[in-house]
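Residue numbers begin at 1 in each chain, while the letters A, B, ... track the order of the sequences.
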Amino acid sequence: MSEYNHKTVEKKWQQKWTSAEIFKASKDDKKEKFYCLEMLPYPSGELHIGHVRNYNIGDVLARYHIMNGKNVLHTMGWDAFGLPAENAAIKNKIHPAKWTKQNIAIMREQFKKLGFSYDWSREIASCDPQYYKWNQWFFIKMWEKGLAFRKSANVNWCPVCQTVLANEQVSEGVCWRCKNPTEHKELEQWFVKITDYSDELLSSHEQLSNGHWPEQVLSMQKNWIGKSYGAEVDFEVITKNKKSTLKIFTTRPDTLFGATFMVVAPEHKIIAELRSEIENLDEVSKYVAASGAKTNIERSQSKDKSGVEIKGIKAINPVNGAKIPIFAADYVLTDYGTGAIMAVPAHDQRDWEFAHKFNVSIVEVIKGENSSVANSAYEGSGKMINSGQFNGLSSDEALEKVIEWIEKQGFGKKTINFKFRDWLISRQRYWGTPIPMIFCPECGIVPVPIEQLPVKLPEDIEFSGEGESPLKTCKSFVDVKCPKCGADAKRETDTMDTFVDSSWYFIRYCDPKNDKEAFDVSITNYWMPVDLYIGGIEHACMHLIYARFWHKFLRDMGMINTDEPFTNLLTQGMVTLGGNVMSKSRGNVVSPDDMVDKYGADALRLFILFAAPAQKQLEWSSDGLEGCWRFINRVWRLQDIVNTKSSQPATPKDKEDLLRAMHKAIKKVTIDIEKKLQFNTAISSIMELVNTLYVYKFHSNDDGVSKEVYKNLIILLTPFAPHICEEIWQNLDTKGYASLARWSVFDEAMIKENNIEIPVQINGKLRGTINIEIDADEAAVKEAVDKNEKVKKHLEGKNIVKFIYVKNKILTLVIK
RNA sequence: GCCGAGGUGGUGAAAUUGGCAGACACGCGAGACUCAAAAUCUCGAGUUGCUUUGGCAACGUGCGGGUUCAAGUCCCGCCCUCGGCACCA
């Protein structure tokens, strides 16, 4: 057998698969479907190792299910809108569309060299008007249903460039281009009322739990949505000349008597409302401006809590009439709750720290067992003290009682609060889906008539990075006639968040060429939901919640018949380099090209799955890649061994051992792929089977045992290293493609051994092993122990206090 | 800061979910083959200390405690690293 040449073999089979269209999928009601999906990539222009890992996991699973007779849908496309294309346009004077298309072409070729089993005829790109047309259509439907609405919201603003900046374009409070400090600016923008689905997004977690989705993802989403029960309480606010109220939200109404000050977010409207009454307005205004430059994360991160007392105004604690000071502090966020809190320093650690810094009194109102508020807040439950008529109750009881009482007194009510916020989808950018709305001075907001969709992006645009969105200055785009009354009107120039594109692309894959509707329900209801979705854990909250929301919206539109889009989820760990996630923006990408060239796609694919479990973060190192390449060559050379007659015939025991190794490997690989999604151990057991074949290489091939084992080995290896397996498969006297071969079946009876080694522990230390028949009873175990010299030595002159035999596993003796 | 993960030999990791810690690899060392080297095949090894060279013993899964006949796995308290935090995707 000549040496293995991965270059010619890989190319040959990639071409064969393509021309025979073996991965082309079509609806077939008689066949069980399997929709295997990986999160679609952003076309950055370079495939990196993180991509290879993600798509390789999907490919192994898609191929495995094909070999198990399923009708598999496995697709690829491009999340093609977004900021980097626009940045490239500014930097390199290349049109975003051109840049994106070039990148797609490069990455498509890179994908093809890796031999992934995609049905390329279904490829989509979100920047294609035939795709984003439907974003616009959905948006109008949402608007009709009251799910899309306008509201004022902050954007990052660079006063020098006169432009809106993404969070990524602001670091440490300065603009990425001109390095001048940025500001916040209020703009009317489009929102989607995703919070209408808050409760359902939480409650349908039930059908995703029990192993379908990783618990950590469900937990993150739960906390992200952040449903909490509590009360809204109105505090009267007084000044020398005016009165007002401050509404707060608290999850701990039981601590109301301990409220010794109030804190409002720096953006809170009460500051403007009582402006004339504030004695230290300069100081307060300064603080508000400083907070405006910080992001929410920066605000919550700082260890030393900042804030300023708003002098001249006081709040009155409704339960005891106490006059308490009001502070503005940026640890209170404007968009959570009501943007104002009652501070209970005795029972909230943040309030405690703030009270100490600003010298505010601390009143203990809940006493736990041995609790003290001297060195930190006590956040647990206990007995009510200093709380008027509630004294003596347990705080848990008081929680309900206080709310009842507040409601009766009329200064508050029981509420449910969510951290979850409505989805701001407006972007003041060019490279995105135009929001299909028109502003008419007569009719107000009018949607673009459906038959005029798509609203296409104009192409002749200059990109400077300064000033307003390029769409805003494009007269041919902006100036339109009102579809209702024909008056001169203006087109909306905001484009959509790219998370819109990725919220339903997987449904479009089912019917990607449809130009009559977004998709044909009779087709999508066959393929959907996605059986297994694979992607990075970093998408646990945003993308995966948006997509779930979109699906529920489609269900309510009657366009899909399931509640959830993704039945099972595999969150792949990130590939890092130098401790950071590989990404083009970080500039730490490792390209697979050289590795594919030197060692072949099979070796790289094998290695990346062998290097670590799929869910775990992986610090990239190519050490070991060569080892996988050697393994592949070792598999190749086995062809000679199984085809060569040996002088030494195999004994029946040898044959039994070989077949046992084979059945064991089939079982392990099958369970690891299908049940555990644990590919590294699947590969290691394939390696063990190869090693076993080498151990028994002296076998005569007369009876075909080695060959049978080898054939099954190739089947097990095909999803991982498909190219070499096709080549070997063809060399064995077989028909058809290895990629379409039936998966091997194991026989439990062939795996079972008659005798097993049982470790013997004495007082917790391993002192020997005994060999017994499988399933032997305790009496037999005792007998074996008595016969074992090594173990007996340790037992001399001692009494056995405990004799614990865990069947077929371990024997533990406790002696004295 | 909040939420979610992770930490096991020189390295990547494994461990039937409480039952022989280190499978399978990388790297390393030794041997065979070779004029030689590479490739290949075979063998070896957690660390430390004894050793009559057969072995024997102690220690060992980020740190400190605990539960248990038995803990990488369970409980309590820490430390460090990473991801997400709503305009990167």
What's the closest nucleotide to the side chain of [X] if the choices are [options]?
{"X": "A:Gln761", "options": "B:A70, B:C59, B:A86", "value": "B:A70"}
{"X": "A:Arg427", "options": "B:C87, B:A13, B:U42", "value": "B:C87"}
{"X": "A:Gln678", "options": "B:A15, B:C87, B:A89", "value": "B:A15"}
{"X": "A:Asn156", "options": "B:C41, B:C24, B:C87", "value": "B:C87"}

Whole angstrom value for the distance that separates [atom2] of [N] from [atom1] of [X]:
{"X": "A:Lys676", "N": "B:A14", "atom1": "NZ", "atom2": "C1'", "value": "11 Å"}
{"X": "A:Phe610", "N": "B:U11", "atom1": "CZ", "atom2": "C1'", "value": "13 Å"}
{"X": "A:Lys664", "N": "B:C24", "atom1": "NZ", "atom2": "P", "value": "12 Å"}
{"X": "A:Leu604", "N": "B:A25", "atom1": "CG", "atom2": "P", "value": "19 Å"}
{"X": "A:Leu766", "N": "B:A21", "atom1": "CG", "atom2": "P", "value": "6 Å"}
{"X": "A:Ile815", "N": "B:C69", "atom1": "CD1", "atom2": "C1'", "value": "12 Å"}
{"X": "A:Gln617", "N": "B:C82", "atom1": "CD", "atom2": "P", "value": "9 Å"}
{"X": "A:Tyr546", "N": "B:G84", "atom1": "OH", "atom2": "C1'", "value": "12 Å"}

Determine the contact category for [X]: base if any of its heavy atoms lies under 4.0 Å from a base atom, sugar-phosphate if only primed atoms, P, OP1 or OP2 are that close, otherwise nothing.
{"X": "A:Tyr42", "value": "sugar-phosphate"}
{"X": "A:Phe499", "value": "base"}
{"X": "A:Trp423", "value": "nothing"}
{"X": "A:His184", "value": "nothing"}
{"X": "A:Val814", "value": "sugar-phosphate"}
{"X": "A:Lys222", "value": "nothing"}
{"X": "A:Thr812", "value": "base"}
{"X": "A:Met687", "value": "sugar-phosphate"}
{"X": "A:Phe420", "value": "base"}
{"X": "A:Gln189", "value": "base"}
{"X": "A:Gln428", "value": "base"}
{"X": "A:Ile804", "value": "base"}
{"X": "A:Lys790", "value": "sugar-phosphate"}
{"X": "A:His543", "value": "nothing"}

Pick the [atom1] atom in [N] and in [M], then give their distance to the nearest Å.
{"N": "B:A32", "M": "B:A38", "atom1": "C1'", "value": "15 Å"}
{"N": "B:C87", "M": "B:C80", "atom1": "P", "value": "31 Å"}
{"N": "B:C76", "M": "B:A5", "atom1": "P", "value": "14 Å"}
{"N": "B:G44", "M": "B:A25", "atom1": "P", "value": "13 Å"}
{"N": "B:G9", "M": "B:A14", "atom1": "C1'", "value": "13 Å"}
{"N": "B:C82", "M": "B:G27", "atom1": "P", "value": "29 Å"}
{"N": "B:G84", "M": "B:C28", "atom1": "C1'", "value": "41 Å"}
{"N": "B:G46", "M": "B:C41", "atom1": "P", "value": "23 Å"}

Return no unless some side-chain N or O of [X] is found under 4.0 Å from OP1 or OP2 of [N].
{"X": "A:Arg630", "N": "B:G27", "result": "yes"}
{"X": "A:Arg637", "N": "B:A39", "result": "no"}
{"X": "A:Asn680", "N": "B:A14", "result": "yes"}

Geometric class of the A:Tyr533/A:Tyr505 ring pair [parallel <30°, tilted 30-60°, perpendicular >60°]: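 Aromatic pair A:Tyr505/A:Tyr533 classed tilted.
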Exam field: side chain A:Gln189 to backbone A:Leu424, donor-acceptor pair closer than 3.5 Å: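 No, because the side chain of A:Gln189 does not come within donor-acceptor range (under 3.5 Å) of the backbone of A:Leu424.
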Side-chain (A:Glu353) to main-chain (A:Arg350) donor-acceptor, under 3.5 angstrom: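 Judged by distance alone, no pair lies under 3.5 Å.
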Dot-bracket summary - RNA chain B, pairs being Watson-Crick or G-U whose distances fall under 3.5 Å, with | when paired to another strand: (((((((..(((......[....))).(((((.......))))).(((((....)))))..(((((..]....))))))))))))....
Side chains of A:His6 and A:Asp602 in contact at under 4.5 Å (non-hydrogen atoms):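 No; the side chains remain at least 4.5 Å from each other.
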Any side-chain heavy-atom pair of A:Ser126 and A:Thr498 under 4.5 Å: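 When only atoms from C-beta onward are counted, A:Thr498 and A:Ser126 do not touch, as no gap falls below 4.5 Å.
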For B:G27, glycosidic torsion class - syn if within 90° of 0, otherwise anti: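 You should classify B:G27 as anti.
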Base B:C26 to side chain A:Glu626, donor-acceptor N/O within 3.5 Å cut-off: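 Looking at the base of B:C26, it does not pair with any donor or acceptor on the side chain of A:Glu626 (distance under 3.5 Å).
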Check: A:Gln216 side chain, B:C3 base, donor-acceptor under 3.5 Å: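 In this structure, the two groups form no donor-acceptor pair.
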A:His794 or A:Met220, whichever maps to the more 5' nucleotide of RNA chain B: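 First, find each residue's nearest nucleotide; the 5'-ward one identifies A:Met220.
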Pairwise 5' ranking along RNA chain B for A:Val806 and A:Asn633, keeping only the more 5' one: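 In this pair, the answer is A:Val806.
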is_close_aromatic(A:Trp431, A:Tyr132), centroid dist under 6.0 Å: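 Aromatic pair excluded; centres sit 6.0 Å or further apart.
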A:Asp422 and A:Thr195: side chain donor to acceptor below 3.5 Å: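 On atom types as modelled, these side chains qualify, holding a pair under 3.5 Å.
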Distance-only side-chain donor-acceptor flag, A:Thr182 / A:Asn156, under 3.5 Å: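 No, no side-chain donor-acceptor pair sits under 3.5 Å.
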Residues A:Glu748 and A:Lys667 bridged, charged N to O under 4.0 Å: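 A:Lys667 and A:Glu748: salt-bridged.
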